[in-house]
Each structure stands twice: as C-alpha cells, then as structure tokens.
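The structure under discussion appears below in the form of structure tokens.
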Amino acid sequence: MHVLVINAGSSSLKAAVIDAATGERLTELTADLPAGSSDHRTKMHPFMLQLREKVRGISLSGVGHRVVHGGADFDGAVRLNEAVEEKIEALSDLAPLHNPVHLAAIRLARELWPDLAHFAAFDTAFHHSLPRRAQTYALPRDLIREYDIRRYGFHGLSHRYVAGRAATFLRDDYRNLRLISCHLGNGCSVTAIEFGRSIETSMGMTPLEGLVMGTRSGDLDPGIPAYLHRKTGLEPHEIDKLLNRESGLAGLSGAGHDMRHILEQSTAGDPDCQLALQVFTHRLRKYIGAYAAVMGGVDAIIFTGGIGENSSIVRHRAAQRLDYLGAVIDEDKNHSAQLTVTEDVVDFSRSHSRVKLLAIRTDEQLAIARDCAKLLRNEDEVNTLPSIPIAVSARHCHLTRETLDQLYGPGYELTVKKWLSQPGQFAAEETVTVVGPRNRIERVRILGPLRSVDQIEISRTDEFFLGVDAPVRESGKVENTPGCQLLGPQGSVDLEDGLICAWRHIHMTPTDAERFGVQDRDTVEVTVNDAERGLTFGNVLIRVSPDYKLEMHIDTDEGNAAEIDSGDAGVLQATGQRGTLRRRATMAT
Ligand code: ADP
C-alpha cells in the first residue's frame, strides 16, 4: 500500500510516498517555504502542485497528514472529513503555530487529490493514556475546565514508533516493557512508556515545556514570565516569542540552535556553548531519573531524533553513571554507533547491563503511513458486530494456594457461591479483610480458582479509603504495586505487592477478536451510545483467550459514574488506536 505522507510546517513542507509494508520511499519532496506575510495556502500552493507532478504515475492508496495537536478529541489517526477538519481548526487556539498550517495543507491536498482517502495522524494521540495525575496542572479547577488546560504531550508518533522498534529489537512485546524514550531533535521530549502506554511525558499543554530545545527554554519557574514583564515591559506575545524562538540552546550559547555547532564550539573552549550543553544534558538526566521513579524501574532507555541518533557525546552525558538504575553504558559501542536505514537500532549498553541503552532511528512518516494503511484496510468492514455485555466488577481478590492456606488453614478448599460468566471462574463463599495504612475493607470476595500470584482488585474510591496508591494495571501485572495485609479466620498474610485498580477490559475469544479486528492487549475506545449520555470509555484493554466469553468489565466507580449496571449490553462499531485498529463500541443499554 503506497501512502503519500505530508508534513506541513510554517517554514517547510516535507512529503514522501511510502510503502507502508516495507517503509521504502518511492519519492520524496522537501521544500522551504518563503518567509513573509502571505497566507499558508498561497505559500504552499506551488509546492503542492510540484508534489502532484512528482507523484503522478504512482498508484496511491491514501494521503496521511501529520497534525501536531489533536487535543482531547483524537486518540489515534482518523479519516479526514469536514467534521474532523472543524475540530482541528478549533484546536488552533492550543497550537496556533501548527494546526492552521496543517489545515491549509489538508484542504489543498484534498482539492488536489479529491478521489483519495485523507487521514490525520496526531502527535498528541499516543499520550491519551496519560493518567489524570500526570495530565493535571495544579491550577484552579474551574480555570482548567474552562480552558482545557492540561498536559497533552507531543512527539507521540516518534515515541510510539521507537518503542515498537525497541521491543522488536529486544524480541519482546512492548506491552511487557517499561521504556524511557528521549526524542532529541529541534524539539525535545522524554516519555515514560509503561507496558505500552504513555504514562508521563515532558512536553505539556504546548510543546514548550520540559527539556531544553533548539530555541525553546523548556521548564522554567512559572514566575519568570511575569517578572520579565515587570522588569522589561515585554508583552505576553513577546515573552512567548522569547521562550519559543530565542531561548534554549540558541539563547544560552549565542551561537545558534544547531547542536553540531554547539558541540564543536564547546570542544573548542567556548564557555557559553559548554554551559548550553551542560544545561541540556543535565535536564535530560533529571527527567530520566524522574521517569524511572515514576515507573519504579525501566527496561530500556531510547535515544532518538537528530541529536539522540547522532550525538554520542550527548548520549554519554545523559547515560553515564546510571548504574544505580541498572544501566551501564559501553563507551566504545556508544562512540562507534552509526545508525542507518538498515541498522536502525544500536544497543550501546554493556552486555551485563540490565537496562538496555538504545539509539534508534525514528521514522514518523512511516508511522503515519502505517496508521493510514491500517485504517484503509479496516474501512471496508461492515458493522455487523455482536453486542457486548457489560459487567461491573466489585472489589475482589485472587489468591495463591499459599496465601489461602495461611488465611483459612492448610489445604482449605474454596466453596463456590456463584459461577461467573467467564468459564471456570467463580465467586467463593469466602472473603478476606484487606488492611491498608488508613482503613480496612471487610468481606472482600475471593474469586476462584486459585492463581500463581496474589492480586487484589479495588476501585479508585477504595484506594483512597485504604490509603494506598494503586496503579491501573491489567490482571497479572503486579510488579511495583503496593502491598497490604490480608486477614482470614485462621491467620493473616502481609503481601509485599498485589493491589491494583483493574484496567477496564473486554474479554473475548480469538474468533471474536477476528470479527472485531483487534488483537490481545490492544486498547480500544468504547462509546455508550445512549442518546441521553453519549459516554465514551477510552483505553479499554482487549483480552483474548479461547477460555473467555465476550464481556466488558468495568469497576464499580466507573459503573456508578456511567450509571451502568451489570446486565447492560453493547455493540462494537469501527476504528483503531495502537494495536491493529481502534474500535468504537456502542453500548446499547
Ligand atoms: P526535527 O526535530 O526538526 O525533526 P531533527 O530530529 O532532524 O529535527 O534534529 C535536528 C537536530 O539534530 C539539530 O539540533 C542538529 O544539530 C542535530 N544533529 C543532527 N546531526 C547531528 C550530529 N551528528 N551530532 C549532533 N547533533 C546533530
């Protein structure tokens, strides 16, 4: 499938026709747009015509447009239509330098290739999974709501792509890994990717926050802009320009924004360039440490983007002395690493390093082409999908033989109270008391049969009541979760870990998965198609096993919030996030 990928910026237009299966470029065009006051459409028009000539004769399946800001609306690539364009336009407030340019390119391209399907892929989409604690700025809540102020995150196409490449390289599923991805280009950002989901990222509501960048300051004391205004009389738009265009490496070094030049000058002894390099890499190290703390560990740290891919000095400064994290740099491998199209991943950690250090060539255009190809493949599907029953799971626990022995006496057998809809699973007559630092919850139902790890699934409300901080996890992933004490009639057990807030999920058989066009551990979006409420559950995890029965599980908090009771049912419609495709499920209640 050949996809024309268009990346329109305010000063340049980059386009390529890409074979989505192989990544091969059939043709490419890069044009610097003239500076000046004419509107985006006028500036781009001659280059778009040139592009049309260039791709004439190539059989195209679709056109993919890169869009920087997808706001809260888009958690994956979408087919463009009037409604989507309006949303992109409405988001221009949040990305005034980007979205209007993208929109001009989209509209022009749709005129030039009217018969092709056009898609938008968003830099923000991958970060839809950020938990609220990571999304939220500590500002007055009414203001936050009124003006959509929150962390959106950017560079998502790149972070997602390199996470996938890292997993393939490490011969693992990226949903088993904890990754820290450092995208260091003209813009720079770090993302913590925990078991396949972006859970923290350094860029915020705008691409200004976080790392030091070519011309952007990244983090600074929020008191500084007001101070600058008072001292210099600079107006808000001028301060904006200062922080976005005149700061960062360029501002500190006084020698421009190009890292190559700064490296040369710092070697030659220029103190300003030396400081710029130090501030840049110090900030990066700080984020790496912080994100390892957020995830409770890390399996691989990825360096990508023009600087991350090419500068062994920056990698050395960022990754040295991370032994305490389990990451040991191999200086020779780092120094000699040369990324190419064919050798696009280099491991520059020592062979005994528990945490891998990887330099990976990013390819956002290929990520866009693949998203488009996926959506194209799935578009023909007709929506004749079965309905999905919804079950609201009350708090419960799964225990090991050993734990049950201690709580109920050696060799104790659970008594079936009620068989559950998932074959072979039952709610037992037996319950336990869960004791947290603040409170205890009595009569927490044990579900059978026994398992190989202890796991207690509670709701967010329970979490605050118990006084613990339990992460949202899929069943079975209890690493680095809080523990608690369990009390039974014959004894007690102190668990080191095991408390989770269950990640809402849909159980299904492989046959169902095929029908819905999803795979195990994809995340999907589920809309409750009720005229009054029109509710959407994002980030619903797909669990596939021949032993499962089709059913969506949400916890009591979610059930209460959505006014859904067990016994309601739903129907799945179309579309796809990061696995194979995103599906929109319609809950017919
Ligand atoms: P963008 O973010 O615009 O896509 P890139 O990812 O191409 O940009 O990164 C551009 C940055 O990469 C520039 O700061 C450039 O100096 C830097 N860079 C490119 N090659 C090297 C190199 N060999 N050593 C250090 N920095 C490099």
Side-chain angles (χ1 to χ4, degrees), residues 5-16 28 30-33 66-68 95 97-98 101-102 121 123 153-162 165 181-191 201-203 206-208 210-218 244-268 270 273-274 276-281 283-284 302-319 334-341 343-344 346 348 359-368:
V5 176
I6 297 179
N7 182 357
S10 54
S11 58
S12 70
L13 189 110
K14 289 183 196 154
E28 285 181 282
T30 303
D32 288 325
L33 301 176
R66 181 185 188 163
V67 176
V68 163
L97 301 178
H98 296 102
V101 186
H102 303 320
D123 275 296
F154 299 88
H155 286 149
L157 293 160
S158 175
H159 289 300
R160 181 177 56 132
Y161 176 84
V162 294
R165 277 304 287 126
S181 158
C182 311
H183 177 105
L184 314 172
N186 284 315
C188 304
S189 69
V190 198
T191 295
T201 191
S202 61
M203 282 180 169
T206 74
L208 181 57
L211 298 177
V212 177
M213 314 183 207
T215 60
R216 286 173 239 165
S217 64
N244 275 293
R245 304 260 166 117
E246 295 154 23
S247 300
L249 293 173
L252 280 173
S253 70
H257 68 273
D258 192 319
M259 182 55 102
R260 278 166 294 201
H261 186 58
I262 287 168
L263 287 167
E264 278 164 24
Q265 292 303 107
S266 59
T267 309
D270 180 324
C273 288
Q274 288 174 345
L277 179 62
Q278 282 176 321
V279 178
F280 183 94
T281 50
R283 180 92 49 92
L284 179 57
I302 302 165
F303 293 82
T304 191
I307 301 171
E309 292 166 27
N310 295 306
S311 174
S312 57
I313 296 176
V314 169
R315 290 195 302 257
H316 159 83
R317 282 177 168 273
N334 179 40
H335 206 68
S336 58
Q338 286 290 342
L339 295 177
T340 62
V341 176
E343 201 189 343
D344 63 335
V346 170
F348 63 98
I360 304 184
R361 201 165 179 272
T362 194
D363 194 341
E364 289 147 307
Q365 287 184 320
L366 177 56
I368 295 170

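Numbering of ligands and ligand atoms starts at 1, following listing order.
Considering backbone and side-chain atoms alike, Asp258 places an N or O below 3.5 Å from some N or O of ligand 1. Considering both main-chain and side-chain atoms, Leu263 never comes within under 3.5 Å of ligand 1 through any nitrogen or oxygen pair. Geometrically, ligand 1 and Met259 share a nitrogen or oxygen pair separated by less than 3.5 Å. At under 3.5 Å, a nitrogen or oxygen of Asn186, whether backbone or side chain, sits near a nitrogen or oxygen of ligand 1.
Atom numbering of ligand 1 starts at 1 in the shown order; those under 4.0 Å from a heavy atom of Gly305 are 6 (O). Near Ser311, the atoms of ligand 1 lying under 4.0 angstrom from a non-hydrogen atom of the residue are 24 (N), 25 (C). Heavy-atom proximity to Gly187, at under 4.0 Å, picks out these atoms of ligand 1: 2 (O).
Here the heavy atom of the protein found nearest to atom 20 (N) of ligand 1 is Asn310 ND2, 3.4 Å. Arg260 CG, 3.6 Å is the protein heavy atom nearest to atom 24 (N) of ligand 1. Nearest to atom 17 (C) of ligand 1 among the protein's heavy atoms is Ile307 CG1, 3.5 Å.
Taking the side chain as every heavy atom from C-beta outward, Phe303 and Asn334 never approach each other to under 4.5 Å. Proximity of Arg66 to Val5: side-chain heavy atoms (C-beta onward) are nowhere separated by under 4.5 Å. Using a 4.5 Å heavy-atom cutoff, the side chains of Phe280 and Leu252 are not in contact.
Here the closest heavy-atom approach between residue Ala8 and residue Val101 is recorded as O-CG1, 3.9 Å.
Residues in residues 245-255 take part in these side-chain hydrogen bond (donor to acceptor under 3.5 Å, both in side chains) pairs, two or more places apart or across chains: Lys241-Glu246.
For atom 4 (O) of ligand 1, the nearest protein heavy atom lies 4.0 Å or farther away.
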With side chain to side chain contact (heavy atoms under 4.5 Å, CB included) as the criterion, how do Ser217 and Leu208 come out once you've worked through the C-alpha distance, each side chain's angles and the decisive distance to 0.1 Å?
CA-CA 7 Å; Ser217 64; Leu208 181 57; 4.0 Å; yes
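There is a side-chain donor-acceptor pair under 3.5 Å between Ser181 and His159.
Of the candidates Thr191, Thr362, Asp344, Asp363, Val162 forms a side-chain contact (heavy atoms from CB on, under 4.5 Å) with just one, namely Thr362.
Considering Gly9, Gly306, Ser312 only, the shortest heavy-atom separation from atom 12 (O) of ligand 1 involves Gly306.
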